[in-house]
Number of protein chains: 2
Amino acid sequence: MNIRHLTFRLLQVYVDVIQTGSISESAKRLHLTQPTVSLQLKRLREAVGDPLYTLEHNQVVATDAGLELYRICQQTLSNFNDFNQYLGSIQAGQRGHFSIAMVSTAQYILPRLLGPFSQRFPAVDIKLEIGNREQVLRRFEQGQDDLYVFSHPPSLEHACAGRFLLNPLTLVAPASHPLAQQQNIPFADLMKQRFLLREQGSATRMLFESWLQTHGLTLASSVQMASNEAIRVGVSSGMGLAVLSSHVLPAHDQSIVALDVADFPIESHWYFIARNDRHLSPAALGFLRFAQQHLEECLGKQWARNDLQRLLSALS
Amino acid sequence: MNIRHLTFRLLQVYVDVIQTGSISESAKRLHLTQPTVSLQLKRLREAVGDPLYTLEHNQVVATDAGLELYRICQQTLSNFNDFNQYLGSIQAGQRGHFSIAMVSTAQYILPRLLGPFSQRFPAVDIKLEIGNREQVLRRFEQGQDDLYVFSHPPSLEHACAGRFLLNPLTLVAPASHPLAQQQNIPFADLMKQRFLLREQGSATRMLFESWLQTHGLTLASSVQMASNEAIRVGVSSGMGLAVLSSHVLPAHDQSIVALDVADFPIESHWYFIARNDRHLSPAALGFLRFAQQHLEECLGKQWARNDLQRLLSALS
DNA sequence: TCCAACCATTGATAATTATCTATGGATTGT
DNA sequence: ACAATCCATAGATAATTATCAATGGTTGGA
């Protein structure tokens, strides 16, 4: 049998002929003329090299080989049919996979979107990549992921951003801090204290420093720490003060408080970013749509800042 | 996805590309140029309608859809490969089916060939059709079976016959018959007795009557019975005499004996018949070959009359 | 930064396939 | 025995497919 001469069209016609048992009948059903079907069968017969059917009382009856071929054809056609469905569900974003790279701070908030999304679309695999800002930026440049989450979005080429969440940066202190109860504290009162800061390049640190600059201030003393956790523990144990995203502070942690400092909190936002120079997987697109629709219920009305519609239009 | 634009060639190329991860490499392996393979992939992509792969570090990596397609392609190709094997075994006569129509007398001898054949080729299905001579002749005329077994072969158009077995017709009587011990009995001494005969058209009857005619004799009294069993029981219970194939007489039956009549037994033979105007299935051909080779060991050297080689050459 | 390797596209050609109409031969049913 | 039905084949044409050589754009590594 020479498989290279087989066509899917051939299989379709053959299956139909075996099912109807009549060449003329199949021709009608397939909107072809009878000779066309005859010829298809002839070609199939020649490709296979063995007789596939006999005519008995003008009925097309498959031989052993023909019957086996019929089975295989059916299975094959149905496989490709299933594949078609599969493609459909990929297109609809109900299946597939995508990856999100995010700076570590985002890991406190993104699960509240990803959880409900996963429940709704269990066949979508999601890969989470977490790193500091520098690492995530590199991933973006190399286009290693479908989506990126930043606060203070990079103004890079090919970046397409959509704001989705308020990210207030508050000034936190240990609960025992002398100014803990005071209101509208001038920042000057805190300048002598030690501040715990994330590494250079961290969005929180950038925003804080930019705030300081705007107000013409400089810190007296600072310590650099690699993670928000370390900073949080540091603050609650009295090492110093810090500026942290409100989302990082667990509601039930009594050992740490936000100070009511003038011109605080610093306002910033979280953004979804995608590259506009490459095709976004339907699954990722589906996730953005989901986020756009369920933002408030997942993240809370007071935090949501939904600019995702613009991002979605830009990507479609 | 438009399945009608798919070719098996396309699938083969695609599978190879996914396996090697390189278009150029596949081109080499398939003895094609690189643009040819690129073009095939392009066509496949267009037929499917979704991206199937991405280039990562110059490596072809399947997308979700591409991977699923790859699996289906592999399965399909391997199915057709198996089918090829299957065709081979049909060709070799190791698989398939055929039918034999035989006159009822033949059922005493054919199983001794069919048994060993089935053991040797368990994947071959055999259908046995048993009837009287008239019925089997009709089946032959309508070409309903692959092989036919007759004694006294019909001289019909399109019939191709091969003798394979001696079929002596003996004159039998009850063990208590007065002439049971006598030798070389003249037939005239038996003419007055009642004879049990098969129906008109039965080969045994035809041969017996032809024998009578040759010797210018006529029976005084006869009774027609529908089966060899009925005749045998009839003879052993003293209803009369009969002419029966030796193969019909069980060796251990003491109640019935062959008389030593002059010019008896009448010599006749069994024949395999096939139509030479239609294709004989490989399985049937395989059976004839088997019979030709194992005739003596299955049916006994003293009975075998092997002219099957001629039949086989006439059919191939 | 430049070269080599890789993939994509273009333009061209030969082969194959899909399909029709018209016709002939075989089978079936009346 | 004849008409109807069915399948096969021939001849013709348009569409599609298979394949190549040449060339251009990307990417990764030296």
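First the proteins, then the strands, lettered A, B, ... as listed; each starts at 1.
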Rounded to whole angstrom units, what separation is found between the [atom1] atom of [X] and the [atom2] atom of [N]?
{"X": "B/Ile23", "N": "D/dT26", "atom1": "CD1", "atom2": "C1'", "answer": "13 Å"}
{"X": "A/Leu39", "N": "D/dT13", "atom1": "CG", "atom2": "P", "answer": "17 Å"}
{"X": "A/Leu30", "N": "C/dT19", "atom1": "CG", "atom2": "P", "answer": "10 Å"}
{"X": "A/His5", "N": "C/dA18", "atom1": "NE2", "atom2": "P", "answer": "11 Å"}
{"X": "A/Glu46", "N": "C/dA18", "atom1": "CD", "atom2": "P", "answer": "13 Å"}
{"X": "B/Glu25", "N": "C/dC6", "atom1": "CD", "atom2": "P", "answer": "9 Å"}
{"X": "B/Leu52", "N": "C/dC7", "atom1": "CG", "atom2": "P", "answer": "16 Å"}
{"X": "B/Lys42", "N": "D/dT19", "atom1": "NZ", "atom2": "P", "answer": "17 Å"}

*Would you say the side chain of A/Asp146 lies within less than 4.5 Å of the side chain of A/Phe287, judging by non-hydrogen atoms?*
no
*Under the 3.5 Å rule, do the base of C/dA18 and the side chain of A/Gln40 count as making a donor-acceptor pair?*
no
Treating [X] as the side-chain partner and [Y] as the backbone partner, does any N or O pair qualify as donor plus acceptor under 3.5 Å?
{"X": "A/Tyr14", "Y": "A/Gln40", "answer": "no"}
{"X": "B/Arg275", "Y": "B/Phe140", "answer": "yes"}
{"X": "B/Ser24", "Y": "B/Gln34", "answer": "no"}
{"X": "B/Arg205", "Y": "B/Arg198", "answer": "yes"}

*Mapping A/Arg4 and A/Gln34 onto DNA chain D by nearest heavy atom, which one lands closer to the 5' end?*
A/Gln34
Is any side-chain N or O of [X] closer than 4.0 Å to OP1 or OP2 of [N]?
{"X": "B/Ser38", "N": "C/dA8", "answer": "yes"}
{"X": "B/Arg9", "N": "C/dA15", "answer": "no"}
{"X": "B/Ser22", "N": "C/dC7", "answer": "yes"}
{"X": "A/Arg43", "N": "D/dA8", "answer": "no"}
{"X": "B/His57", "N": "D/dT27", "answer": "no"}

*Return one dot-bracket line describing DNA chain C 5' to 3' (Watson-Crick or G-U wobble pairs, both distances under 3.5 Å; ( ) same strand, [ ] crossing, | another strand, . none).*
||||||||||||||||||||||||||||||
_Evaluation steps, salt bridge (charged side-chain N to carboxylate O under 4.0 Å, His left out), between A/Arg43 and A/Glu46_ = CA-CA 5 Å; A/Arg43 290 208 309 108; A/Glu46 281 164 0; over 6 Å; no
_Does B/Leu55 reach a base, just sugar-phosphate, or nothing at all? Heavy atoms under 4.0 Å._
sugar-phosphate
_Considering every strand and a 4.0 Å limit on heavy-atom distances, what is the contact class for A/Thr33: base, sugar-phosphate, or nothing?_
base
*Which of these nucleotides, C/dT17, D/dC7, C/dC6, is closest to any side-chain atom of B/Ser24?*
C/dC6
*Nearest-nucleotide 5' precedence on DNA chain C, B/Asn58 against B/Thr36*: B/Asn58
_From CA spacing to verdict: salt bridge (charged side-chain N to carboxylate O under 4.0 Å, His left out), B/Arg29, B/Asp16_ = CA-CA 9 Å; B/Arg29 290 168 46 132; B/Asp16 198 85; 3.0 Å; yes
*Start with the C-alpha gap between A/Glu129 and A/Arg139, add the side-chain angles, then the distance that decides, and say whether salt bridge (charged side-chain N to carboxylate O under 4.0 Å, His left out) holds.*
CA-CA 9 Å; A/Glu129 299 286 345; A/Arg139 293 189 72 89; 3.6 Å; yes
